[in-house]
Amino acid sequence: MDREKWMEYLKTKLHKYQYVLIVCLVGLALCAWPNGGQKEKTAEQASFDSAAALERELEEILSSMAGVGKTKVALTARSSRASVYAFNEDETVSDNGSGRSADRRTTLVSFGASGIQQPVTVRVDEPEYRGALVVCQGADSALVRLEVTKAVSSLTGITSDNIVVSKMK
């Protein structure tokens, strides 16, 4: 085939299958879309990310308080973030002559389409924090230490005896 015949052949095929080609191109574009192939975070990564995010947020909030100055915050957690999933429980009771027996089956409830199943989440338990260390420039003032302790306690649920506020060098 020479070049002109080849071009004419392509034009007729493209015209005939233009809609199929458009659908295929849109599908390829969606596959290449950012975050489309991103893997889900594990519970440990999500817990670490939420603790680190809370630390950064506390640093920002505390440093904006009067007299506190620059801050660094470290939190320790008693438990990590955990998801609680829905389960179905089926119990079958039978009488086999010599006594009754019970058979209990528990199955995880999941949903999804196109072969991708995800468990149904009932609730997500946030991490329980057990202690905090705050290092700030204004910690030489008792009033600043008290205000920082109250703020950290109210935002994290940590009791004031488990919060340490120290002076930054």
With a 4.5 Å heavy-atom cut-off, do Val152 and Val165 have their side chains touching?
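No. Closest side-chain heavy atoms not under 4.5 Å.
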
Going by side-chain heavy atoms closer than 4.5 Å, which hydrophobic residues are tied to [X], directly or by a chain of links?
| X | answer |
| --- | --- |
| Met168 | Leu133, Val135, Val164 |
| Leu143 | none |
| Leu108 | Tyr85, Phe87 |

Which residues pass the side chain to side chain contact (heavy atoms under 4.5 Å, CB included) test with Ala151, not counting sequence neighbours?
Leu62, Met65

For Thr159, which residues count as a side chain to side chain contact (heavy atoms under 4.5 Å, CB included) partner, sequence neighbours excluded?
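Scan of Thr159 (side chain to side chain contact (heavy atoms under 4.5 Å, CB included), adjacent residues dropped) gives Asp161, Asn162.
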
Is the count of non-hydrogen atoms from other residues, nucleotides or ligands lying under 6.0 Å from Gln18 atom CD greater than 12?
yes

With rounding to the nearest 0.5 angstrom, report the OG1 to CG distance, Thr107 to Asn88.
4.5 Å

OG of Ser110 to CD of Gln118: how many Å apart, nearest 0.5 Å?
9.5 Å

Minimum heavy-atom separation for [X] to [Y], with atom names?
| X | Y | value |
| --- | --- | --- |
| Ser160 | Thr149 | CB-CG2, 3.7 Å |
| Cys136 | Thr71 | CB-CG2, 3.5 Å |
| Leu75 | Ala132 | CD2-CB, 3.6 Å |

Can you sort out the partners of Lys150 under salt bridge (charged side-chain N to carboxylate O under 4.0 Å, His left out), two or more places apart, ordered by chain and number?
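By the salt bridge (charged side-chain N to carboxylate O under 4.0 Å, His left out) rule, Lys150 matches Glu147.
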
Could you pull out all residues at least two apart from Arg104 that satisfy salt bridge (charged side-chain N to carboxylate O under 4.0 Å, His left out)?
Glu91

If you look only at pairs with a residue in residues 58-72, which of them pass as a salt bridge (charged side-chain N to carboxylate O under 4.0 Å, His left out), with sequence neighbours excluded?
none

Please step through side-chain contact (heavy atoms from CB on, under 4.5 Å) for the pair Leu58 and Thr156, ending with a clear verdict.
CA-CA 9 Å; Leu58 280 170; Thr156 62; 4.0 Å; yes

ILVMFWY network linking Phe111 to Val109, side-chain heavy atoms under 4.5 angstrom
yes

Across all chains, not counting sequence neighbours, the side chain to side chain donor-acceptor pair (under 3.5 Å) partners of Arg105 are none

